Amino acid sequence: MDYIHWNPRKHGLVTRVRDYPYSSFHRFVKEGQYELNWGGTDPAFGSVKNNWGEP
């Protein structure tokens, strides 16, 4: 889910994950699974920074 929620920020559509209105991120925040400010910086995926699984 981190990857999906991070994509609008990664591709420059918004500067904060929470600013993208079409994301399921908002539902996950309401459920308490994410903090509203999540995505202020690159999320840590393993030990390789910015390895988004794309070439």
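These numbers were taken from a predicted model, which means no experiment stands behind them.
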field: T15: side-chain hydrogen bond (donor to acceptor under 3.5 Å, both in side chains) partners, not counting sequence neighbours
entry: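 Per chain and number, T15 pairs via side-chain hydrogen bond (donor to acceptor under 3.5 Å, both in side chains) with no residue.
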
field: Side chain H26, main chain Y20, donor-acceptor under 3.5 Å
entry: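 Here the side-chain-to-backbone pair exists.
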
Looking at every non-hydrogen atom in both residues, tell me the closest pair between [X] and [Y] and how far apart they are.
X	Y	result
H5	F25	NE2-N, 3.3 Å
M1	S24	CE-OG, 4.0 Å
V14	R16	CG2-O, 3.1 Å

message: Is the shortest side-chain heavy-atom distance between D2 and W38 below 4.5 Å?
response: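 Counting from C-beta outward, D2 and W38 do come under 4.5 Å.
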
query: Can you name the salt bridge (Lys or Arg N to Asp or Glu O under 4.0 Å) partners of E31, sequence neighbours left out?
result: R27

Same apolar cluster (I L V M F W Y, side chains within < 4.5 Å links), L13/W6: no

query: Taking a hydrophobic cluster as the set of Ile, Leu, Val, Met, Phe, Trp and Tyr residues connected by side-chain heavy atoms closer than 4.5 Å, whether directly or through intermediates, do V29 and Y22 fall within one such cluster?
result: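 Each belongs to a different hydrophobic cluster.
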
